[in-house]
Colleague: 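My questions all concern the structure below.
Hydrogens, waters and symmetry mates play no part in the numbers below; they use all other heavy atoms, side chains included. Both ligands and their constituent atoms are indexed starting at 1 by order of listing.
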Amino acid sequence: MKIGVLALQGDFAEHLKMLERLGVETAKVRLPAHLDDLDGLIIPGGESTTIGKLSVDFGLIEPLRDFGRRKAVWGTCAGAIFLSKDARRTQPLLGLMDITVERNAFGRQVASFEADLDIPELGQGGAYHAVFIRAPIIETVSGTARVLSTVSDGRIVAARQGNLLATSFHPELTDDDRFHRYFLTLAK
Ligand code: GLN
């Protein structure tokens, strides 16, 4: 099993660390050829506009779309925005998932916060402690996409559509590796 992490901008190093801890072979993805032998790809948090623009510059948009039609892709925070089909602004998006997002949706005062989430799909282990940093919410989920988790007021923060996964929060910034292990089951 070999998992790539898009390494154009953002906190890709933390994802690589978590994957290595799980004993998975990893690769940094910066060019289309780097996708060739991967079983899955993680798009990290960072700045979705920057990740989008750099993906255009490096000729990655179509190769990433093609990859996501065949293999597992997980976007965390900015990565989730990049996977969406609409972010209500003009910026390069992959449009792979039938989700629409609102960027920086939690407002300035609570730009960063932590919350315990109920994520039944993760199975045993109790509440999942999630870290949100200038996070988007997933406003709508349509087609075959479905909700995996919400915060207490009902706003959607995790969704899955087949082999595609989007989370508003940052599992790579905690010690809990359940979300990464869950992603590996999609990549298998
Ligand atoms: N606010 C960023 C964006 O809109 C996402 C923040 C993050 O990835 N932690 O792209």
Side-chain angles (χ1 to χ4, degrees), residues 3-19 26 28-30 40-58 60-61 64-65 68 72-117 119 128-141 145 147-153 155-161 164-180 182-183:
I3 303 292
V5 182
L6 190 65
L8 300 175
Q9 190 264 340
D11 73 335
F12 52 88
E14 286 75 6
H15 275 294
L16 289 166
K17 233 177 266 169
M18 184 69 103
L19 291 168
T26 61
K28 291 191 189 107
V29 173
R30 295 192 165 120
L41 175 76
I42 296 177
I43 304 174
E47 193 57 44
S48 58
T49 319
T50 308
I51 292 172
K53 282 183 186 154
L54 290 172
S55 296
V56 172
D57 292 349
F58 287 89
L60 275 162
I61 296 285
L64 287 172
R65 283 186 182 139
V73 182
W74 174 20
T76 58
C77 204
I81 297 167
F82 193 39
L83 276 179
S84 76
K85 62 178 186 185
D86 187 1
R88 290 214 222 145
R89 304 189 199 186
T90 309
Q91 66 183 79
L93 298 175
L94 294 177
L96 280 167
M97 283 185 80
D98 291 318
I99 58 172
T100 66
V101 300
E102 183 188 349
R103 292 177 61 186
N104 306 321
F106 291 96
R108 221 176 252 167
Q109 303 86 328
V110 286
S112 300
F113 65 100
E114 305 187 6
D116 286 325
L117 304 179
I119 311 181
Y128 185 86
H129 191 72
V131 176
F132 294 82
I133 303 168
R134 298 187 63 233
I137 56 159
I138 299 169
E139 281 189 296
T140 64
V141 161
V147 176
L148 290 189
S149 189
T150 63
V151 283
S152 56
D153 63 9
R155 289 189 282 180
I156 303 164
V157 292
R160 174 180 169 186
Q161 184 167 21
L164 305 172
L165 196 58
T167 57
S168 300
F169 48 90
H170 289 269
E172 74 284 8
L173 298 182
T174 67
D175 262 348
D176 193 338
D177 58 19
R178 279 181 291 165
F179 232 106
H180 285 79
Y182 177 66
F183 177 66

Colleague: Any side-chain to backbone donor/acceptor pair from Gln9 onto Gly46? Under 3.5 Å, distance only.
Modeller: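 Checking the backbone N and O of Gly46 against the side chain of Gln9, no donor-acceptor pair under 3.5 Å is found.
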Colleague: Are the side chains of Leu165 and Leu148 in contact, using a 4.5 Å heavy-atom criterion?
Modeller: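 Touching, per the 4.5 Å side-chain cut-off.
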Colleague: For Arg155 and Ser168, does a side-chain donor sit closer than 3.5 Å to a side-chain acceptor?
Modeller: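 No - no donor-acceptor pair under 3.5 Å links their side chains.
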Colleague: To check your reading of the model: name the closest protein heavy atom to atom 4 (O) of ligand 1, its residue, and the distance in Å.
Modeller: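 Answer, as residue, atom name and distance: Arg103 NE, 2.7 Å.
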Colleague: Is it true that a side-chain atom of Ser84 and a backbone atom of Thr100 form a donor plus acceptor pair closer than 3.5 Å?
Modeller: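 Not a single qualifying donor-acceptor pair exists.
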Colleague: Distance under 4.0 Å to a non-hydrogen atom of Arg134: what atoms of ligand 1 satisfy this?
Modeller: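 Those atoms are 1 (N), 2 (C), 5 (C), 6 (C).
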Colleague: Can you tell me the protein heavy atom closest to atom 7 (C) of ligand 1 and the distance?
Modeller: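 Going atom by atom, the protein heavy atom closest to atom 7 (C) of ligand 1 ends up being Cys77 SG, 2.8 Å.
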Colleague: Test His129 against every option in Asp116, Asp176, Thr174 by the side-chain hydrogen bond (donor to acceptor under 3.5 Å, both in side chains) rule and name the one that passes.
Modeller: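 The residue from Asp116, Asp176, Thr174 that satisfies side-chain hydrogen bond (donor to acceptor under 3.5 Å, both in side chains) with His129 turns out to be Asp116.
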Colleague: What part of Glu47, side chain from CB on, backbone N/CA/C/O, both or neither, has a heavy atom under 4.0 Å from ligand 1?
Modeller: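 The part of Glu47 near ligand 1 is both the backbone and the side chain.
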Colleague: As an exercise, identify every atom of ligand 1 less than 4.0 angstrom from a heavy atom of Ser48.
Modeller: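 Answer, ordered by atom number: 3 (C), 4 (O), 10 (O).
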Colleague: Distance to 0.1 Å, residue and atom name: give those for the protein heavy atom nearest to atom 1 (N) of ligand 1.
Modeller: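 Looking only at protein heavy atoms, the one closest to atom 1 (N) of ligand 1 is Asn104 OD1, 2.7 Å.
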Colleague: Any N or O of Thr49 that comes nearer than 3.5 Å to an N or O of ligand 1?
Modeller: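 So ligand 1 has no N or O lying under 3.5 Å from an N or O of Thr49.
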Colleague: Where on Thr76 is there a heavy atom closer than 4.0 Å to ligand 1, on the side chain, on the backbone, on both, or on neither?
Modeller: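 Neither part.
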Colleague: Between Gly45 and ligand 1, is there a nitrogen or oxygen pair with a distance under 3.5 Å?
Modeller: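 Gly45 vs ligand 1: no N/O contact under 3.5 Å.
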Colleague: Before you tell me yes or no, could you show the steps for Glu172 and Phe12 under side-chain contact (heavy atoms from CB on, under 4.5 Å), namely the whole-Å CA-CA distance, both residues' side-chain angles and the distance that decides it to 0.1 Å?
Modeller: CA-CA 9 Å; Glu172 74 284 8; Phe12 52 88; over 6 Å; no
Colleague: Parallel, tilted or perpendicular: which one describes the rings of Phe169 and Phe179, with boundaries at 30° and 60°?
Modeller: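 Because their plane-to-plane angle is over 60°, the rings of Phe169 and Phe179 count as perpendicular.
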Colleague: Any idea which protein heavy atom is nearest atom 2 (C) of ligand 1, and the distance to it?
Modeller: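 In this structure, atom 2 (C) of ligand 1 has Gly46 O, 3.5 Å as its nearest protein heavy atom.
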Colleague: Looking at Lys53 and Glu47, is any side-chain nitrogen of the basic one under 4.0 Å from a carboxylate oxygen of the acidic one?
Modeller: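 No, Glu47 and Lys53 are not salt-bridged.
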Colleague: Which atoms of ligand 1 have any heavy atom of Ile81 under 4.0 Å away?
Modeller: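 So the answer, numbered in order with elements, is 3 (C), 4 (O), 10 (O).
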